[in-house]
Amino acid sequence: MTPQTIPDLISNWPKLTEFAADVGCGYEAARKMRDRSSIAPEHWPSIIRASEAKGISGVTFEWLTAQRL
């Protein structure tokens, strides 16, 4: 099922530290992504890869672009 929001996407990881590790960013950057409901474009490729690895469908460049509008 495709997440509805960035926090919804991030909630697929049991802990924020696990999300940060899978995406390749620091804990603080991951927290800001969740709290701001926004992911900077430089993180998109790793977000898409990590989502695919977890079996989260629908997380694409188009989906991420729509979240920034």
Side-chain angles (χ1 to χ4, degrees):
M1 185 167 167
T2 302
Q4 298 298 308
T5 64
I6 298 297
D8 187 29
L9 168 64
I10 295 170
S11 73
N12 283 281
W13 278 262
K15 296 181 180 180
L16 194 55
T17 53
E18 293 174 22
F19 170 77
D22 284 355
V23 170
C25 69
Y27 175 85
E28 193 60 25
R31 186 188 63 77
K32 287 179 182 178
M33 289 177 197
R34 183 193 62 203
D35 293 350
R36 293 180 181 161
S37 268
S38 180
I39 298 173
E42 63 263 21
H43 296 290
W44 291 3
S46 60
I47 294 288
I48 293 167
R49 280 191 301 274
S51 297
E52 288 174 352
K54 279 199 75 71
I56 303 165
S57 64
V59 180
T60 63
F61 286 104
E62 293 80 11
W63 183 84
L64 289 162
T65 299
Q67 301 305 307
R68 290 186 60 89
L69 303 176

Just one of L9, I47, I48 clears the side chain to side chain contact (heavy atoms under 4.5 Å, CB included) bar with W63, so which one?
L9
Which heavy atom of [X] sits nearest to which heavy atom of [Y], and what is that distance?
X: V59; Y: S51; result: CG1-OG, 3.7 Å
X: L16; Y: R31; result: CD2-CA, 3.6 Å
X: W13; Y: D22; result: NE1-OD2, 2.6 Å
X: A30; Y: I10; result: O-CD1, 4.3 Å
X: P7; Y: S37; result: CD-OG, 3.0 Å

Side-chain heavy-atom pair S38, R68 within 4.5 angstrom cut-off:
yes
Side chains of M33 and F19 in contact at under 4.5 Å (non-hydrogen atoms):
yes
If you measure from CG on D8 to CD1 on I56, what distance do you get to the nearest 0.5 Å?
9.0 Å
Do the side chain of W44 and the main chain of I39 share a donor and acceptor less than 3.5 angstrom apart?
yes
Is R36 atom CZ crowded by more than 12 heavy atoms from other residues, nucleotides or ligands, each under 6.0 Å away?
no
If you count every heavy atom of other residues, nucleotides or ligands that lies below 6.0 Å from E42 atom CD, does the total exceed 12?
yes
Give the C-alpha distance, both sets of side-chain angles, the deciding distance and a yes or no for side-chain contact (heavy atoms from CB on, under 4.5 Å) between I6 and L64.
CA-CA 8 Å; I6 298 297; L64 289 162; 4.2 Å; yes
